[in-house]
Each structure stands twice: as C-alpha cells, then as structure tokens.
Amino acid sequence: MPINTLQQEKSTLKNVFTDPFESPDFYAIDDLLTEEHKLIRSSIRDFVKKEITPYVEDWCQKAEFPVEMVKKFGKIGAFGPTIPLKYGGGGLDNISYGLIMQEIERGDSGMRSTASVQGSLVMYPIYTFGSEEQKRKYLPKLASGELLGCFGLTEPDFGSNPAGMLSNFKDVGDYYLLNGSKMWISNAPDADIAVVWAKNEQDRIKGLIVERGMEGFTTPETHGKWSLRASGTGELVFDNVKVPKANLLPEKDGLGAPLLCLDSARYGIAWGSIGAAMDCYESARRYALERIQFDKPIASFQLIQKKLAEMLTEITKGQLLNWRLGVMKDEGKATTAQISLAKRNNVEIALNIAREARQIHGGMGIIGDYSIMRHMANLESVITYEGTHDIHLLILGQEITGIQAFS
Amino acid sequence: MKILVCITNVPDTTSRIAFINNDTEFDKSGIQYVIGPYDDFALARAVELKEELGGTVTALNVGEAYGDPVIRKALAIGADDAIRINSFPKDSFFVAKQIAEVVKKGGYDLVLMGRESSDFNGGQVHGMVGEMVGLPVVSPVMKLDIENGKAKIAREIDGGKEFLEVNLPFIAGCQEPIAEWKIPNMRGIMSARTKPLQVLEPVGDETRISLKKFSLPPEKGEVKMIDEDNVEELVQLLKNEAKVI
C-alpha cells in the first residue's frame with residue numbers, strides 16, 4: 001500500500017490537533033472547577049474543534065444553517081444539559097452548562113445561539129411551566145436533537161417592551177385560535193416546534209407549544225443578515241392557528257414566565273461571550289508573536305502589548321463573574337439583575353476584544369482565514385438580543401434606585 | 001464479549017516538558033494528563049465492539065491517584081467499570097506484571113491496549129503480558145473485527161498491511177485507524193460518576209530498568225538559507241559546520 005494512503009487512513013480526528021487554541025486561565029480559575037467540569041469543557045472543546053471550527057467559515061460565508069448539527073448537538077448532550085436525566089437531559093449543574101456555552105461560542109455565536117434557544121428557551125419553559133405529559137412528549141426528543149425548537153416572544157413592534165405584544169389566542173371550545181406574528185426568532189426556519197407567548201382573552205400572557213404543520217402557521221426566513229450567519233433566523237406567523245388545549249403551558253402565566261427563560265439564556269450568553277473573547281484574544285496573541293514588522297514581532301511593541309494586557313484583564317474579570325454567578329445559580333440565589341450585569345458586561349468586553357483583536361490582525365483580521373471578523377459581527381447581535389445592552393443597564397438602574405426607567 | 005482495555009495516563013502532547021532533581025525526575029507541575037493516544041484508539045474500538053456484540057469493557061490503569069480523571073473519562077466514553085493498580089508505573093516489566101495479574105484472574109476474551117505509550121514509548125508491555133499469561137500478541141493492529149468468535153485483523157508492516165485471523169483470547173497493541181477517538185457526551189460524563197472504580201495494591205515491585213537521567217532533545221539551530229545555485233557553499237557547510245558529510 002502506498003505510504004500516503006496509509007497516512008491518510010491514519011489521520012482520523014486531525015482537526016482536533018490542527019486547532020492550536022490554548023485557554024487563558026490567568027487567575028487559576030481551573031482550581032475552582034471540579035475534574036468533571038474540566039472533562040465537560042475538554043469534551044465540548046474537542047467536539048467544537050472536530051465538528052464546528054473546520055466548517056463554520058463556510059457555513060457563514062454561504063449563510064447556511066447546518067441542519068446536521070442539531071443531531072450532533074443532541075448526541076454530545078449540548079441541549080438542556082441541566083434538565084434531569086429522566087427527561088433526556090444531562091442532569092448537570094450550571095457551571096457545566098456555562099462551560100458548554102463558552103466552548104460552543106468559542107467556535108461560533110450562531111452555533112451557541114442554536115443550543116441556547118433549544119436548552120434555555122424551549123426545554124427550560126416546557127420543563128418549568130409544562131405539564132408532566134408535555135415534558136414526556138417533548139423533552140427527550142428536544143434533548144436528542146430529534147426535534148428543533150424556537151422561542152417566540154419578540155414581535156415586529158414589541159422588542160424591549162414585550163408586555164405590549166399583540167399576539168393573542170381565543171378559547172373556541174375544542175381548541176385555542178392563535179393569531180399574531182413574531183420576529184427575530186432564532187431557529188425559526190428549521191424548527192419543529194415553537195414555544196410561543198401570547199395573550200389570552202383576559203390579557204394574560206401564556207405559553208403555547210405550536211407545532212410545524214399546524215394549519216396557518218408559517219416561518220418565513222429573515223435573509224441578508226451580516227451577523228449570526230450560520231444560525232437560522234425568521235418570523236413566526238399565526239393565521240387562525242388551531243392549537244390543541246393540551247399544548248398550553250399550564251404552570252405559570254404573566255410576563256414573568258418568559259422573563260425567567262431569558263434569565264437562563266442570558267446566563268449562558270455571559271459564559272458564551274467569554275468563549276468568543278478567548279478565541280479572539282488567543283488568535284491575536286499568536287498573530288502578534290508571528291507577524292514581523294520593523295524586523296521584530298509586533299508583540300514587541302507597547303501598543304500591541306497594551307491591547308493584549310487589557311484583553312486578558314477583561315477576560316479574567318469575566319471568567320470570575322461567570323464562575324461566581326454559576327455558583328449562585330446552583331444555590332438558587334442568582335437574581336435577574338445579577339444575570340443582567342454579567343450578560344451586559346461580558347458581551348461588551350467580548351465585542352471590544354474582537355475589535356481590538358481585529359486591529360492586531362491588520363488586514364488579515366477582515367478575512368475568513370481568521371475567526372475575528374466573524375466573532376465581531378456575531379457579537380453585534382449578541383449585544384442586542386436577550387435584552388439590549390441599554391435595557392440591561394436600566395435593569396441595574398432599577399435595582400440600584402428602585403425606580404423603573406424603561407418607560 | 002469481555003474486554004479489558006489498558007490505558008496509560010500521559011502528559012498531553014502539547015505539554016512543555018521539564019525535569020527536576022538533577023534531571024532525574026519529570027516535573028509534573030502544571031501538566032495536563034490525557035489517555036495515551038494509542039490507548040484511546042483501543043478504548044474506542046472496545047466500546048464499538050461492545051455496542052456491536054454486547055458484553056462489558058473494563059478499563060485498567062497502572063498509576064497513582066492523580067490519574068483518576070483519565071479513568072473517569074474512559075468510563076464516560078463507555079467503559080463499564082475500571083481498575084487502578086495503585087503504584088507509579090515504574091517500567092514496562094512492572095506494568096506488564098500488574099496487567100498480567102488482572103488478565104489471569106479476569107477471564108477476558110480480548111485485551112486491548114495502545115501499541116505504545118506516548119511518554120516513554122517503550123512499546124513492550126503488550127509483548128511482555130502475552131509472555132507472562134501465555135496468550136498470543138498482535139501489534140500494531142489497525143483493524144479489528146470479531147466474526148464467529150474469531151478476530152480478523154489488519155496489522156501494519158513495513159510499507160503495507162498484513163491480514164490475520166486470530167482465535168480469542170489474545171492481546172492486541174492498537175493504533176489508528178482501528179476506530180475514531182470518542183468524545184464523551186454529557187450523559188456519559190454524568191453516568192461515569194457512579195460506575196465502579198476498584199483500586200488494588202500492586203503485586204511485587206520488581207523492575208528491569210533503572211532510570212539514570214532525562215535530557216531534552218537539543219534545541220533547533222537557526223536556519224541558514226543558501227542560494228539554490230550555490231551548491232559549493234552548501235557542501236562546505238554540511239562538511240565543516242554541521243559535520244554530517
């Protein structure tokens with residue numbers, strides 16, 4: 001057998017070796033993690049190196065959602081890792097969930113969005129507000145990736161003000177009749193089910209599980225995005241959709257229910273954005289050591305060192321925030337305002353780090369050979385979705401002063 | 001099918017290697033440990049065979065407690081239980097002796113391990129175990145299938161492959177592409193928590209190798225670029241400076 005064929009045969013899992021990522025851990029935060037946490041992180045990191053990093057540039061350039069990733073995420077256990085084992089989840093703690101989000105977003109924010117939506121915005125509400133029958137029907141299939149879900153809260157005219165939503169349903173005897181529309185919905189074009197928030201006849205917000213195929217339910221795709229291009233985004237349109245009564249989430253109503261889902265997703269984003277920041281920092285660090293100008297590596301110039309030092313400082317602060325928030329979440333103590341602080345801070349620093357890293361990479365920073373510009377463009381969505389940057393500021397403002405300044 | 005997979009606990013291949021105590025001891029500080037890459041292939045194939053044919057996979061490690069995380073990883077990947085022989089793996093003979101004891105008592109149909117470890121790269125343990133327990137040994141195995149109670153094997157030889165049929169039980173030193181490394185999934189990691197890990201004391205302390213000193217390979221010298229037409233200078237440098245011709 002020719003030697004090169006033999007070598008080819010032997011090069012399985014080559015991608016795991018060719019991604020040279022090193023994880024910054026300046027404050028020995030690993031000492032605060034258990035061996036199991038570290039195994040979870042390294043497993044997801046290997047998964048991302050094998051299944052996402054080699055292909056994500058191509059998906060983004062073509063603006064394609066890789067449908068095959070849904071089953072792969074299910075198999076590795078990235079969907080609903082904190083949901084109990086008996087419903088197909090991982091039964092893991094919140095630090096584990098955070099580490100999973102961090103590693104996926106190190107690969108791509110769009111991919112992390114797919115996993116966030118499925119876990120925090122679809123499985124979480126069914127698990128927390130659903131009936132036992134709904135949990136058994138949907139959760140195992142969502143966990144395995146047999147079903148993909150999406151979450152409908154935002155409407156064309158109601159983003160930061162979800163309480164004003166127009167989507168509504170009427171009790172017409174055997175079923176509910178749902179009307180309205182939702183916009184900016186991640187996973188919508190490929191979703192099998194949607195957890196939709198709409199008002200009942202008493203003007204109370206309730207959750208409904210809407211299934212693809214129900215008459216009058218369509219999910220037109222949003223085209224032309226310059227951000228999260230590997231993730232599908234679309235609208236949910238309900239035109240007299242007959243929703244079975246068994247599909248109403250019975251355990252909670254009011255805006256508090258979807259906001260609890262957002263708490264869970266925002267927590268994941270706080271971790272995820274640090275993953276994107278780490279990838280940008282690590283790429284910039286390596287590039288600065290390799291790129292020669294004026295006969296020496298650009299890493300030897302003070303302005304480059306300043307950028308790298310500030311990046312590492314912010315990443316370290318973000319890591320500590322995440323770890324502490326995770327511990328509090330496991331103790332059931334993390335508040336909405338604390339989660340807002342972490343989401344807001346970490347996405348902002350990640351975006352700034354991506355921009356600085358883009359500068360360190362010079363012209364190379366704008367092309368797809370490096371992940372920088374992709375992270376930067378992705379983070380422009382991340383800083384806006386799940387509560388805009390400014391809204392999180394106002395949540396904190398209300399916490400500090402006791403005065404609501406939204407409206 | 002009762003399968004034993006022997007795994008080593010070795011420094012991650014990207015680790016920076018250093019020595020202490022006058023270069024007589026490996027500096028473990030800051031080192032990340034992994035399942036030996038060749039052992040990882042053996043483990044992956046063992047788990048696949050279990051899925052195909054039913055049975056159990058036991059992971060065996062000769063090492064101290066700091067190796068427990070890699071044993072948990074083997075359990076997360078799909079081993080059903082694990083044994084750790086509680087001793088530093090002093091040399092190939094010592095390790096083979098410990099494995100042989102487990103093999104003798106266990107009644108395994110198949111004993112898989114890597115063709116060699118990736119720290120000392122001795123490549124001797126499988127052969128020694130075979131001799132100690134009187135079982136055939138095949139290495140390096142690139143392909144392994146079990147059909148009608150017999151193993152069909154492809155083994156790498158110089159510039160090619162050898163195809164063999166072997167009766168069970170036997171011992172195999174494995175290498176790629178016998179299987180693709182398995183990444184543990186979250187449910188596997190969760191279930192590994194409760195799988196049994198038995199810690200046994202070693203049998204005897206006989207070794208055949210005494211370690212004198214470690215040294216790192218010489219650092220790479222600077223690269224000199226020579227014009228492609230200037231063969232004379234190249235010859236002169238190879239002769240007088242590099243002293244290789």
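Every chain is numbered from 1 and lettered A, B, ... according to where its sequence line falls, protein lines coming before strand lines. Hydrogens, waters and symmetry mates are skipped; everything else that's a heavy atom, side chains included, is used. Quantities reported herein were computed from a predicted structural model and do not represent experimental measurements.
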Check whether any side-chain heavy atom of Ile189(B) lies under 4.5 Å from a side-chain heavy atom of Ser43(A), and answer yes or no.
-> yes

Taking Glu36(A) first and then Arg193(B), would you say they form a salt bridge - that is, a charged N and a carboxylate O separated by under 4.0 Å?
yes

ask   = Is the backbone of Ile76(A) close enough, under 3.5 Å, to the side chain of Arg187(B) for a donor and an acceptor to pair up by distance?
value = no

May I ask you to check whether over 12 heavy atoms, not counting those of Lys143(B), lie within 6.0 Å of atom NZ?
no

Problem set entry | Criterion salt bridge (charged side-chain N to carboxylate O under 4.0 Å, His left out) on Lys50(A) and Glu180(B), from CA distance to verdict | CA-CA 12 Å; Lys50(A) 184 181 171 214; Glu180(B) 199 169 286; 2.8 Å; yes

Here the gap from Ser96(A) atom OG to Met186(B) atom CE, rounded to the nearest 0.5 Å, amounts to 8.5 Å

So with a 6.0 Å cut-off around NZ of Lys75(A), is the heavy-atom count from everything else above 12? no

Bottom line for Ala192(B): the part with an atom under 4.5 Å from chain A's heavy atoms is neither

Greater than 12 external heavy atoms within 6.0 Å of Gln32(B)'s CD
no

With a sphere of 6.0 Å drawn around OH of Tyr27(A), does it hold more than 12 non-hydrogen atoms of other residues, nucleotides or ligands?
no

Quiz item: Under 4.5 Å between any side-chain heavy atoms of Leu39(A) and Pro184(B), yes or no?
Solution: yes

Is the number of heavy atoms from other residues, nucleotides or ligands within 6.0 Å of OH (Tyr287(A)) greater than 12?
yes

Applying a strict 4.5 Å limit to non-hydrogen atoms, the region of Leu85(A) in contact with chain B is side chain

Is it true that, when you exclude Glu228(B) itself, more than 12 heavy atoms of the residues, nucleotides or ligands shown sit nearer than 6.0 Å to its CD? no

